[in-house]
Amino acid sequence: FDANGFVEEGQVYFQLKATDSLPVTRRGISFAIDTRDYRLWTKEPMPVFLIVYDAAARQAYWLYVQNYFESDRSRRPKARAKTVRVLIPTTNT
């Protein structure tokens, strides 16, 4: 919404992944994404949110993909890697 309360145009993309076994660590949820998805999502001009759904616990967690990789360059995949692991805070429910 804009400053006057009117709806603004635009888009946001959501990528949903579901699992029966979500790897939760002390630091958050560790989740691997394909580097092809990484390249597609990080080049997207509109926001992309990764939603990981833990079916067993009936709980979903989110990650703002572009911000995650832009805020720390060390998170980017290594050359020739097939996947890159993200760490989703458990507070992002």
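Both backbone and side-chain heavy atoms feed into the values below; hydrogens, waters and symmetry mates do not.
- Linking Ile, Leu, Val, Met, Phe, Trp and Tyr whenever their side-chain heavy atoms come within less than 4.5 Å leaves Trp62 and Val65 in two separate clusters.
- Ser71 approaches Tyr68 most closely through the heavy-atom pair OG-O, 3.1 Å.
- The shortest heavy-atom contact between Gly28 and Thr90 is CA-CG2, 4.1 Å.
- Linking Ile, Leu, Val, Met, Phe, Trp and Tyr residues whenever their side-chain heavy atoms come within less than 4.5 Å places Trp41 and Met46 in a single cluster.
- A distance of 11.5 Å separates CG of Leu40 from OG1 of Thr35, quoted to the nearest 0.5 Å.
- Judged purely by atom type and a 3.5 angstrom limit, Asp2 has no side-chain atom pairing as donor or acceptor with the backbone of Glu8.
- Hydrophobic cluster membership differs between Ile33 and Tyr53, with clusters built from Ile, Leu, Val, Met, Phe, Trp and Tyr side chains linked at under 4.5 angstrom.
- Both Ile51 and Tyr64 are part of a single hydrophobic cluster, where members link through side-chain heavy atoms under 4.5 Å apart.
- Gln59 places no side-chain N or O within donor-acceptor distance of the main-chain N or O of Thr93, the cut-off being under 3.5 Å.
- Here Lys43 contributes atom NZ and Gln66 contributes atom CD; the two are 13.0 Å apart, rounded to the nearest 0.5 Å.
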Validation: residues 11-19 side-chain donor-acceptor distances under 3.5 Å, sequence neighbours left out:
| from | atom 1 | to | atom 2 | distance (Å) |
| --- | --- | --- | --- | --- |
| Gln11 | OE1 | Tyr13 | OH | 2.5 |
| Thr19 | OG1 | Ser21 | N | 3.1 |
| Thr19 | OG1 | Ser21 | O | 3.2 |

Determine all donor-acceptor pairs shorter than 3.5 Å in which one atom belongs to a side chain in residues 78-88; sequence neighbours excluded.
| from | atom 1 | to | atom 2 | distance (Å) |
| --- | --- | --- | --- | --- |
| Arg85 | NH1 | Ser30 | OG | 3.1 |

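- Side chain of Asn4 to backbone of Phe6: no donor-acceptor contact under 3.5 angstrom is found.
- Checked against Tyr61 for a side-chain contact (heavy atoms from CB on, under 4.5 Å), the options Leu22, Thr91, Leu50 give a single hit: Leu22.
- Interatomic distance, Asn67 CG to Asp72 CG, rounded to the nearest 0.5 Å: 11.0 Å.
- Taking the ring pair (Phe, Tyr, Trp, His ring centres under 6.0 Å) definition, one finds that Tyr38 meets it with Phe69, sequence neighbours left out.
- The heavy-atom pair separating Glu70 from Arg76 by the smallest distance is CA-NH2, 4.3 Å.
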